[in-house]
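In what follows, residues are counted from 1 in the order of the sequence shown. Worth saying up front: this structure is predicted, and the values here are computed from it rather than measured.
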Amino acid sequence: MKTTIAKISLSIIFLLFSCSSDDDYINSASPPTELYAPKQIDVIYGNNNQRTCLIEYNDANQISNLNFQYNNIDDGSYNITYSNGKINQVTKGESLQYTFLYTNNILSSIQLVNSSNSNSFDITYDSDNNIYTLGSSSVFYFDSSDNLTRIVSGDIERSLSFTNPNASEGIFSTSHVPLHLIFILSSIEFETLYYLSSKQISEVSVTYDRGFQNSSFYDYELDNNDKIISFKIDNDWGTVMRTDQISIVYQLLTTE
């Protein structure tokens with residue numbers, strides 16, 4: 001199913017979007033002086049292939065690097081830099097670069113440069129409904145805690161629902177995750193955006209022109225710090241089903 005997921009991802013790879021100056025982080029309060037943050041997420045698919053995400057943080061406890069591995073082979077690394085607390089650039093080696101441009105401290109466009117060309121994408125934000133739009137065809141919906149709940153882009157639609165909509169108990173419930181990063185990963189690393197939620201996910205549905213995917217999240221296990229350390233996902237494509245196992249390792253971060 002990795003091929004199916006990759007095809008869906010490529011169809012929306014240019015769907016990059018943004019947030020206002022007040023929405024730079026999920027749960028955008030001042031950083032805690034001490035927090036447990038994920039440093040490794042492992043996904044063991046039902047076919048026994050494995051996907052790993054290694055996470056690094058800078059001195060301000062912001063995500064600074066994401067390294068992806070597939071069956072223990074390097075599968076791409078994204079370096080994230082910041083300016084005045086906001087994401088400035090996200091780069092993947094020398095082949096891919098996203099630059100974020102702001103107007104009056106609000107993200108207004110994203111420039112994408114790859115090995116063959118460059119593009120600029122204008123962004124509009126509906127602050128009353130917490131909805132972000134790229135151009136005229138891609139719409140992204142967030143709840144009051146800035147968790148992604150829905151993406152509509154052409155004939156592709158993704159929806160997320162949560163175990164307890166009023167609780168902050170996801171993998172990144174105490175970590176700062178810039179919305180910009182979620183947006184990029186939702187188009188490049190298709191499944192990673194689910195794990196970046198600050199709430200515990202119960203279901204994800206994806207519909208597209210040739211089919212659908214329904215995923216149920218369950219069997220959440222917590223450690224002594226009430227952090228999610230494992231869960232399962234049942235994936236249903238109609239004629240094919242697969243159960244994936246996810247595990248998370250945390251590290252203790254402190255703020256000077």
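- How far CG of Asn71 is from OH of Tyr45: 9.5 Å, rounded to the nearest 0.5 Å.
- Evaluated for a side chain to side chain contact (heavy atoms under 4.5 Å, CB included) with Ser205, the options Ser216, Ser159, Ser215 yield exactly one hit, Ser159.
- Linking Ile, Leu, Val, Met, Phe, Trp and Tyr residues whenever their side-chain heavy atoms come within less than 4.5 Å places Tyr70 and Ile55 in a single cluster.
- In this structure, Pro38 and Gln251 approach most closely via the heavy-atom pair O-NE2, 4.5 Å.
- For the residue pair Ser109 / Asp122, no side-chain donor-acceptor distance below 3.5 Å is found, with atom types taken as modelled.
- Residues Leu66 and Phe68 meet the side-chain proximity criterion, which asks for heavy atoms closer than 4.5 Å.
- For Asp223 (side chain) and Asn225 (main-chain N/O), a donor-acceptor pair under 3.5 Å exists by modelled atom type.
- Ile233 and Val240 fall within the same hydrophobic cluster, where Ile, Leu, Val, Met, Phe, Trp and Tyr residues are linked whenever their side-chain heavy atoms come under 4.5 Å apart, directly or through other members.
- Contact check for Arg158 versus Val204: no side-chain heavy atoms found under the 4.5 Å cut-off.
- The ring pair (Phe, Tyr, Trp, His ring centres under 6.0 Å) test applied to Phe231 returns Phe217, Tyr220, not counting sequence neighbours.
- Tyr132 and Tyr125 have parallel rings, their planes meeting at less than 30° on a 0 to 90° scale where 60° marks the start of perpendicular.
- Tested against Ile246 for a side chain to side chain contact (heavy atoms under 4.5 Å, CB included), the candidates Val43, Ile44, Asp42 yield a single pass: Val43.
- Inter-residue side-chain proximity for Ile248 and Phe172 is flagged as unmet; no heavy-atom pair is nearer than 4.5 Å.
- No side-chain heavy atom of Tyr36 sits under 4.5 Å from any side-chain heavy atom of Asp226.
- Note that NZ of Lys92 and CG of Asn114 are 11.5 Å apart. Values are rounded to the nearest 0.5 Å.
- Side-chain atoms of Ile228 and Glu169, non-hydrogen and from C-beta on, never get closer than 4.5 Å to each other.
- Scanning all heavy atoms of the two residues, the minimum distance from Ser230 to Gln245 falls at CB-NE2, 3.7 Å.
- In the hydrophobic clustering of ILVMFWY residues, with side-chain heavy atoms under 4.5 Å counting as a link, Leu222 and Tyr250 come out together.
- For the atom pair CD of Glu157 and OH of Tyr208, the computed distance is 14.0 Å after rounding to the nearest 0.5 Å.
- In this structure, Glu203 and Asn214 have side chains that are not in contact, with every pair of non-hydrogen atoms separated by 4.5 Å or more.
- In this structure, Lys199 forms a cation-pi arrangement with Phe162, its terminal cationic atom sitting closer than 6.0 Å to the ring centre and no more than 45° off the ring axis.
- Under the 4.0 Å criterion applied to side-chain N and carboxylate O atoms, Arg51 and Asp244 are not assigned as salt-bridge partners.
- The salt bridge (Lys or Arg N to Asp or Glu O under 4.0 Å) search around Asp219 returns Lys232, not counting sequence neighbours.
- Taking CG of Asn67 as the reference point, atom CG of Asp74 lies at 5.0 Å (rounded to 0.5 Å).
- The hydrophobic cluster containing Phe121 does not contain Val113, counting ILVMFWY residues as joined when their side-chain heavy atoms lie under 4.5 angstrom apart, directly or transitively.
- Of the N and O atoms on the side chains of Asn65 and Ser77, at least one donor lies less than 3.5 Å from an acceptor on the other residue.
- In terms of the ring pair (Phe, Tyr, Trp, His ring centres under 6.0 Å) criterion, Tyr141 has no residue partners (sequence neighbours excluded).
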Exercise for the section: Output, in order, the C-alpha distance, side-chain angles, deciding distance and verdict of side chain to side chain contact (heavy atoms under 4.5 Å, CB included) for Leu54 and Gln40. Expected result: CA-CA 5 Å; Leu54 303 175; Gln40 181 170 331; 3.5 Å; yes
Practice task
I would like to know whether Ile80 and Gln62 meet side chain to side chain contact (heavy atoms under 4.5 Å, CB included); could you show each step before the answer?
Solution key: CA-CA 9 Å; Ile80 303 103; Gln62 299 164 316; over 6 Å; no
Exercise for the section: Show your working on side chain to side chain contact (heavy atoms under 4.5 Å, CB included) between Ile110 and Phe100 and close with a plain yes or no. Expected result: CA-CA 5 Å; Ile110 299 176; Phe100 303 90; 3.7 Å; yes
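- Side-chain contact, Asp143 with Thr149: no donor N or O sits under 3.5 Å from an acceptor N or O.
- Cluster membership for Ile156 and Ile131, using ILVMFWY side-chain heavy atoms within less than 4.5 angstrom, is not shared.
- Side-chain contact between Asn117 and Leu112: absent, with no pair of heavy atoms (C-beta onward) separated by less than 4.5 Å.
- Atom CD1 of Ile87 is separated from atom OG1 of Thr99 by 11.5 Å, given to the nearest 0.5 angstrom.
- Defined by atom type and a distance below 3.5 Å, a donor-acceptor pair is missing between the side-chain atoms of Thr91 and Gln97.
- Considering OG of Ser161 and CD1 of Ile201, their distance stands at 8.5 Å, rounded to 0.5 Å.
- Between Asp234 and Tyr218, the shortest heavy-atom distance links the atoms OD1-OH, 3.0 Å.
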